[in-house]
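Residue numbering restarts at 1 for every chain, and letters A, B, ... go by the order of the sequence lines. Computation of the quantities below employed the complete heavy-atom set of this structure, encompassing side-chain atoms and omitting hydrogens, waters and symmetry-equivalent molecules. None of these values were measured; they are calculated from a predicted model.
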Amino acid sequence: MNLNPFWSMSTNTGRKRSDGEEQSGEQQQQRASPARPSFGKKQLPSIPKNAVPITKPASPAATAQLANGTHASYGPFYLEYSLLAEFTLVIKQKLPGIYVQPSYKSALMWFGVIFIRHGLYQDGVFKFTVYIPDNYPDGECPRVVFDIPVFHPLVDPVSGELDVRRAFTKWRRNHNHIWQVLMYARTVFYKINTMEPLNPEAAVLYDKDVQLFKSKVIDSVKLCNSHLFDQPKMDDPYAISFSSWNPAIHDEAKERMFSHKRRPEDHHKGLQVSGLSWVKPGSTQPFSKDDNPPLS
Amino acid sequence: MMASMVANGNRDGRQGEALVLKGVDPETCMIVFKNHWAQVVKILEKHDPLRSNTSSNMASAVQNYVEHMLFLLMEEDAGQAGAMGPILEFVVMENVMERLFLWSLRRQFTDDMKLEQLKMYEMIVGQARQPLLHHKPVLRPLMMLLSSCSGTAGPEVEAELVSLLNQLCCVLAKDQSVLELFFHTSEDQGAANFLIFSLLIPFIHREGLVGQQARDALLLIMSLSAENQRVAQHIAENTYFCPVLATGLSGLYSSLPTKLEVPGEEWHCLHREDWLQMPTLVQFLNSLEFCNAVIQVAHPSIRDQLVSYIYNGFLVPVLAPALHKLTLEEVMTTTAYLDLFVRSVSEPILLQTFLSFILLHRHENVHILDTLVSRINTPFQLGTVSLALFQTLIGLYCEDVMLQLILRYLIPCNHMMLSQRRVVKERDFYSVSAAKILALTPSCCSPEHSPPPLRQLDSILWSKGTDNKTEESFLEEDGSGYSCVIGSEIYLDVNYLHYLYNARLGISSCTRACQVWSAPYDGEDPPPEEYQPSALEEAGARGRQAQTVNPKRSHPHPRPRPPCPPQTTDPAPTNQLELEWDDSYDAGPVVPPEAATAESSRPPQPPAAEPPKHIQEMRRTAIMLVKGSYIEESDFQDDVMVYDLVAKKDEDHFKVSSLQEKDEVPLSNGLSLPPHPTNMEVNSLEVTKGSKEVKAHVADHNSNLQSPLATEVGDDLMDQYEELIRTLGSDEAGTGGSSHVKTVDKEFRNPVVTPMEEDEVDFSSFSVDTPELEKQHSSLFGTKLRSGSTRSHSVPFTGPFVSVLLSRLENMLDNSLHVNLLLTGILAQLAAYPQPLLQSFLLNTNMVFQPSVRSLYQVLASLKNQIEQQASTKKDFPELITSAQHCLLARESSLKGQDTNSGDSRECSPLEAGRMMKSSPPPQPKTISLARTEVFATVLFTEFLKELAAIAQEHSILSHVPMEE
């Protein structure tokens, strides 16, 4: 695995940011990141796949979007940054109980986990993967696939895919964002919808025999949780993997996280601030602060 | 002789002595000491040097005894619980030191003897085992000695004096209790005085080791002042420390070359290598650095005073006129100096002083800032150097700078359509702006059409490293059934990655720096409604009165003005200076012509008010200083003379009642003191100045950017500074250190002595330039900016700085390579600022601006058209492009080599750093002349588009995430 696709540069940075988010208080652990060349300006990045065209052709939609004169070679950069922007937006939303992180290999694949804190699916911990179409944002809506098919009317009992499209019949750029998809994935566990189900059995049971439905859900949750510590389905360094609590490893991380959370301001104080300002807040006059030494 | 003893008093000698003394009991030592003293006293009483010639035999006998006595004193341990040892007690009781000093004073007090005594004290202060300075009978003769050594002493004595002073300051820094004694001892002499400090002042600006030692010692006292109110108060109120420091800057500045020998057309700022070659500049920077250090450690009262003197004693009277000299070269040189100074200063308060001068000060009623901005547009090197200065300023991440340069024009949001205000903060999710910017890439540079050499090289490099295996491993991820591969194109722009990386670095550091700013400038805060042009003016009127200015800027006939201190600017004689840019592109808030008080959007300043009392007082003392040599009230020098004359043995306090007679007393250094300047004299000074003004107006030809007035006012003060420097430097006679004084004379007399000739020469030389200047202005601003809008009310305007930058950018194809590098560098620097107002103005291609507002995107689009035209008319254009790319590549790698050598990253433009990274220069297929500016500009343009697009892309991520660590 010495190949380093060029866009992993930014997933790298995106990931760094997700660290704090993603571990808050739960016993999960990332696999150690493989050593990768630092991306410095003095050093060329490792080889992108440009010499030979990728077998999968660029989607026509992506190229079509590029107006005449725009060079297709920048297409991947736009896609990359669109996804990064989406990711930063997810972080900003602070969705309760949902953690995602882009994969090492592609910004189009995000790993996620959702913690259900109450309701029928209480205590469920479901891992999933988000697949984003490569003509994003002009294609279909992203897909959400659970690692283990959860017993749910809207989750395909074979593939584990969640029916997202019903909520986003037409994916509209600037209006639809990936955090909404994640939000939707969370909502389905709290408000059960049985219309046009992907899992008709679950739908029928929910409508006809809630008790049996409940017990099936409990079984499903148990099943999912029993596989929690399994190796991730995808062989990717940034796939989310869980391990049992190990004080030697986790205590320190937890400590750090909590102390950081409590006093974020102090965190900034230590920084060397190089900027200058003598403008009094509320004024637009230069040197309007009162503590300016008199010059004349 | 004692000197020889001291000279041999190195470690070995001392240890030998110490060994000898080790076994001896203190009582024996005491007896020996007393015996010696008895012998000495006998000689002293028999041989009064005033009456009889003391034989050298007697003198050396005394020295012999003293030598032994001092060793005994030094080696004596303190008594129980810090009490004096018996020898020290005896020294104090018998007043040994003072009697010895007086005796030698009454002999011929030659430099050699001073040297001896200084060394003696240096030895006992440094090596005694018990504190000696706590005792007045030791301290006072020391003080007398010190004061007697100031003045005419030769270089050796000076060096020794400063060395001893430095040592005393170290003692002070460690043991503040001594400090009180230093003050009290002085009080005995008639006035509060801090002799050690005063003695050091004349050495502040000295070069070499002596100056360094003196500055170090002064810094020790400065940090002492931060804790000790009394020291601070004394320095601020009773000494000329601050004025000497500030006026010294003026003096040193005047010895700098007025015209730099510029190595080449490409040169635009003073690098370290440059100024290291210029001793005068090194000396100036040393003093500036010292000011910086003083401001850093000193008590706020000293700090504020110093800053004020630097402003009023250096920046306003010296640098401002220098920035308005007559020839382009001189002005360019001054600009380069100013840039260097701003880069050299690190202490925020001092930096603020410089910035406040640049941003707010008006010289002849025109803001320095406006003058500097307008000079960006001169086609000469002055334009380039000015650009470099602004690059420095923008790189400070200073809110005040950005506010004055750009933001104040953007805050009202008048430059955009009303409906667009909500767009200001909007985020560009899909890199639309980046795509639009990159779509401007000229077809001749398009990667699809003809891959530039860079990319070819990269491809070769990659194909070496790429093999089919990795190809497979890359694709096998499809095992899950879902593709995770982004479609990739054939020519992937690798160097775009570098731009992204640099953009990320640039934006992050800028964002972090701007956390200290007062407002986000996002179109809501500050609220646009409150800062509409009219409101702005009021705000300006309410604002701090920074400088004294004449509010009637456009008044054709300046009113007679009340006498004002020499530092203030004079009324502009004409509208000339405003023409420089106001009429052409200041379309800011406009008031009906009859009001005519605020033609520009700059807030009018209240009329010149009399400066506060304490400032006047300071000026008075400053003048007093420059009129005479450095003499404080009740200087110790006088005490010594009194001593000398009276020569009384008794230790009663001398009452120096003759302070007032000081004026007539000839000083030992040969200078006679001028009478203290009185207020009357200050007034007369102003009267003469006033008459000069009148003459100047009469003589004003109204035909040039410069008026003779500027130099005259400056020279008035300059004369005084000169004088100060001469008197300060006169001590150096014989050391060759006063050479700069002569240059002061030469350089600064020049414009005054021969005003007529000067006029002729410079006017003619300038008249060659002027038409071009005007042509430039009219072609760049006049027509384009004023098109369609004849200064109607509230014509949207994004400020002169943006206008000038865009104008120069629009001329990109004709600009030389280095001008374009600077220009694009500055614009990229601006684009990296996170403030949504700035970001949306520069980078948001979707934003709809008012028709009269020119955006960066428009200029870029027009450049693309120009380039396409060129490309279509010139057959060999693609070939030339390739050559230029190679040439730039070679330049880049050679620059990089230099960069790693000098290790000075600050002077490498950030633009260049990211541009065209490649480790080795490719073979040049064909040389291309740098005169083909349009070809180089085309290559640069393409790269600039990438740079801007990368910044836009990074903004879409970084600016919307709370700062991480």
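Between Ala85(A) and Ser956(B), the closest heavy-atom pair is CB-O, 4.2 Å.
Atom-to-atom distance recorded for Glu426(B):CD and Asn174(A):CG is 7.5 Å, nearest 0.5 angstrom. Considering CG of Leu359(B) and CD of Gln285(A), their distance stands at 11.5 Å, rounded to 0.5 Å. The distance from atom CG of Asn176(A) to atom CZ of Phe429(B), rounded to the nearest 0.5 Å, is 11.5 Å. Between atom CD1 of residue Ile957(B) and atom CG of residue Leu84(A) there is a gap of 4.0 Å, rounded to the nearest 0.5 Å.
The part of Ser283(A) that comes within reach of chain B is its backbone (N, CA, C, O), which places non-hydrogen atoms under 4.5 angstrom from that chain. For Ala519(B), no part sits under 4.5 Å from any heavy atom of chain A, backbone or side chain. With a 4.5 Å cut-off on non-hydrogen atoms, Lys280(A) touches chain B through its backbone but not through its side chain. Only the side chain of Val432(B) has a heavy atom closer than 4.5 Å to any heavy atom of chain A. Of the atoms belonging to Pro526(B), it is side-chain heavy atoms, and not backbone ones, that fall under 4.5 Å from chain A.
The backbone N or O of Gly275(A) lies less than 3.5 Å from no partner atom in the side chain of Arg512(B), so there is not a single donor-acceptor pair. A donor-acceptor pair under 3.5 Å is formed between the side chain of Gln953(B) and the backbone N or O of Phe77(A).
By the 6.0 Å and 45° rule, Arg173(A) stacks over the aromatic ring of Tyr430(B).
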Does the pair Tyr397(B) and Ser277(A) meet the rule for a side chain to side chain contact (heavy atoms under 4.5 Å, CB included), with working shown? CA-CA 8 Å; Tyr397(B) 303 129; Ser277(A) 171; over 6 Å; no
For Val279(A) and Trp517(B), what are the C-alpha separation, side-chain angles and deciding distance, and is it a side chain to side chain contact (heavy atoms under 4.5 Å, CB included)? CA-CA 8 Å; Val279(A) 181; Trp517(B) 284 27; over 6 Å; no
With side chain to side chain contact (heavy atoms under 4.5 Å, CB included) as the test, would you mind laying out the steps for Leu355(B) and Phe287(A) before giving the verdict? CA-CA 9 Å; Leu355(B) 292 178; Phe287(A) 310 110; 3.8 Å; yes
Determine whether Tyr78(A) and Leu438(B) satisfy the following criterion, side chain to side chain contact (heavy atoms under 4.5 Å, CB included), listing intermediate values before the conclusion. CA-CA 11 Å; Tyr78(A) 305 147; Leu438(B) 284 169; 3.1 Å; yes
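No side-chain heavy atom of Leu276(A) sits under 4.5 Å from any side-chain heavy atom of Asp400(B). By the 4.5 Å heavy-atom criterion applied to side chains, Trp278(A) and Ser356(B) are not counted as neighbours.
The six-membered or imidazole ring of Tyr74(A) lies near that of Tyr496(B), with a centre-to-centre distance under 6.0 Å.
Side-chain atoms of Glu954(B) and Tyr81(A) form a donor-acceptor pair, as typed in the model, at a separation below 3.5 Å.
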